[in-house]
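Written out below as structure tokens is the structure these notes cover.
Lettering follows sequence order; numbering is per chain, from 1.
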Number of protein chains: 2
Amino acid sequence: MTREAPGNLGLVGGEGIETCFERWREAGHDMNRCPVRDVLDHIGDKWTTLVLTVLAGGPHRFNALDRMIPDISKRMLTQSLRNLERDGIVERTVYPTKPPSVEYKLTPLGVSLTGPLHELIRWAEDHHEEIRSGRSRYDAENAA
Amino acid sequence: MTREAPGNLGLVGGEGIETCFERWREAGHDMNRCPVRDVLDHIGDKWTTLVLTVLAGGPHRFNALDRMIPDISKRMLTQSLRNLERDGIVERTVYPTKPPSVEYKLTPLGVSLTGPLHELIRWAEDHHEEIRSGRSRYDAENAA
DNA sequence: CCGCATCCGTAACGATACTG
DNA sequence: CAGTATCGTTACGGATGCGG
């Protein structure tokens, strides 16, 4: 028992939440490519979650997405969509109309993501005020 | 009906997943401070999720965390912990021993986060290989 | 309509050295 | 032991303009 306070999770059930990168390290892999980072990096960047959120509502065309996410730039929208497409989360379909139209929709893999993601967003909404007030208090205490 | 393809969510139940920032915008608030961004910004940064993951296993001291997350620097560990403390997700307790020891543990708010977070991590583990192979295929196709 | 290319400022991150 | 301070680099993101 080399680890201190190995503890037990207060979680639902099954194995520990940290097994994910524990296993990764023990397997001698690059820590930067453990599943948590590989997936959460995308979740965490500024726009991907928002794009996913919109696409969960149904397929949309490029400019529709652009309008629905008011302050995103075309550059960032493209980049986010490309990453999601690369990961197999979003499917891109080009209709050779004139002018061309491109539709983006979630793949089955993408749909399977919406569940967990929704949970997290729900949590964010539910506790947003609590967090904001906590921050104010913290900042006030450390103003002196 | 100004929006195209308003669609319906294939989600569990309740209101749409995108209501979160829809409401935010309609209320005339700053989009950068909608709940999704306010919370997910932290989830997404390089270390916070990992720290949370470890703390879900029980309280730990600073250097213990440092050792358990092999490639984190003290600087980043401190920063991540401070942010989490500020948000009321982590509690910092100083024991005035000599030398001093500081313990970090999840608050009730933090514990409530572990559920949704765990779901997401589980998803990441389950689909990691699928994503990686998808990337390889995508990259191969776009190599020409 | 749907992008891509370029430039550029900022902020995140990493490494290192130092303190109570 | 538990941090802080400083510096350099790199990656992210915004603005703009062009092309198919």
TODO: Using whole Å, report how far CZ of Arg67(A) lies from P of dG3(C).
DONE: 14 Å

Open item on the list: Please determine whether a side-chain nitrogen or oxygen atom of Tyr104(A) lies at a distance below 4.0 Å from atom OP1 or OP2 of dG3(C).
Closed with: yes

Open item on the list: Both Arg82(A) and Pro99(A) contact DNA chain C. Which one's nearest nucleotide lies toward the 5' end?
Closed with: Pro99(A)

TODO: Quick one: list whatever passes side chain to side chain donor-acceptor pair (under 3.5 Å) with Asp45(A), sequence neighbours left out.
DONE: Thr48(A)

Quick one: which protein N/O atoms are closer than 3.5 Å to N/O atoms of nucleotides 8-10 of chain C? Pair and distance per line, please.
none

TODO: Mark yes or no for whether Thr107(A), through its side chain, and Gly88(A), through its backbone, hold a donor-acceptor pair below 3.5 Å.
DONE: yes

Task: Between dC2(C) (C1') and Lys98(A) (NZ): distance, integer Å - done: 14 Å

Task: side-chain contact (heavy atoms from CB on, under 4.5 Å) partners for Thr93(B), two or more places apart - done: Glu91(B), Tyr95(B)

Task: Asp66(B) CG - dG14(C) C1' separation (whole Å) - done: 13 Å

Task: All salt bridge (charged side-chain N to carboxylate O under 4.0 Å, His left out) counterparts of Lys105(A), not counting sequence neighbours - done: none

TODO: Tell me, please, which residues at least two apart from His42(B) pass ring-ring contact (aromatic ring centres under 6.0 Å, His included).
DONE: none

Task: Value in whole Å for how far the P atom of dG3(D) lies from CG of Leu77(B) - done: 8 Å

Open item on the list: Expressed as a whole number of angstroms, how long is the span from Ile43(B):CD1 to dA12(C):C1'?
Closed with: 17 Å

Task: Letter per nucleotide, 5' to 3', of nucleotides 12-20 of chain D [B base touched, S only sugar-phosphate touched, - untouched; heavy atoms, 4.0 Å] - done: -BBB-----

Open item on the list: Is a donor from one side chain sitting under 3.5 angstrom from an acceptor on the other, for Glu130(A) and His127(A)?
Closed with: yes

- [ ] Nearest whole angstrom, please: distance from the P of dC1(C) to the CZ of Phe62(A).
- [x] 11 Å

Open item on the list: Going by side-chain contact (heavy atoms from CB on, under 4.5 Å), name the residues that satisfy it together with Arg75(B), two or more places apart in sequence or in a different chain.
Closed with: Ser73(B), Gln79(B)

Open item on the list: Run the salt bridge (charged side-chain N to carboxylate O under 4.0 Å, His left out) test against Asp126(A) and tell me which residues pass, sequence neighbours left out.
Closed with: none

Open item on the list: Suppose we screen for salt bridge (charged side-chain N to carboxylate O under 4.0 Å, His left out). Which residues come up paired with Arg132(B), at least two apart in sequence or across chains?
Closed with: Asp38(A)

Open item on the list: Suppose we screen for side-chain contact (heavy atoms from CB on, under 4.5 Å). Which residues come up paired with Ser136(A), at least two apart in sequence or across chains?
Closed with: none

TODO: Could you provide the dot-bracket string of DNA chain D, using ( ) for intrastrand pairs, [ ] for crossing pairs and | for bases paired to another strand, with Watson-Crick or G-U pairs below 3.5 Å?
DONE: ||||||||||||||||||||

Task: Whole angstrom value for the distance that separates C1' of dG3(C) from CG of Asn63(A) - done: 10 Å

Task: Within residues 77-89 of chain A or reaching into it, pairs that qualify as salt bridge (Lys or Arg N to Asp or Glu O under 4.0 Å) - sequence neighbours excluded - done: Arg86(A)-Asp139(B), Asp87(A)-Arg135(B)

Open item on the list: In this structure, how many angstroms lie between the C1' atom of dC1(C) and the CG atom of Leu81(A), rounded?
Closed with: 15 Å

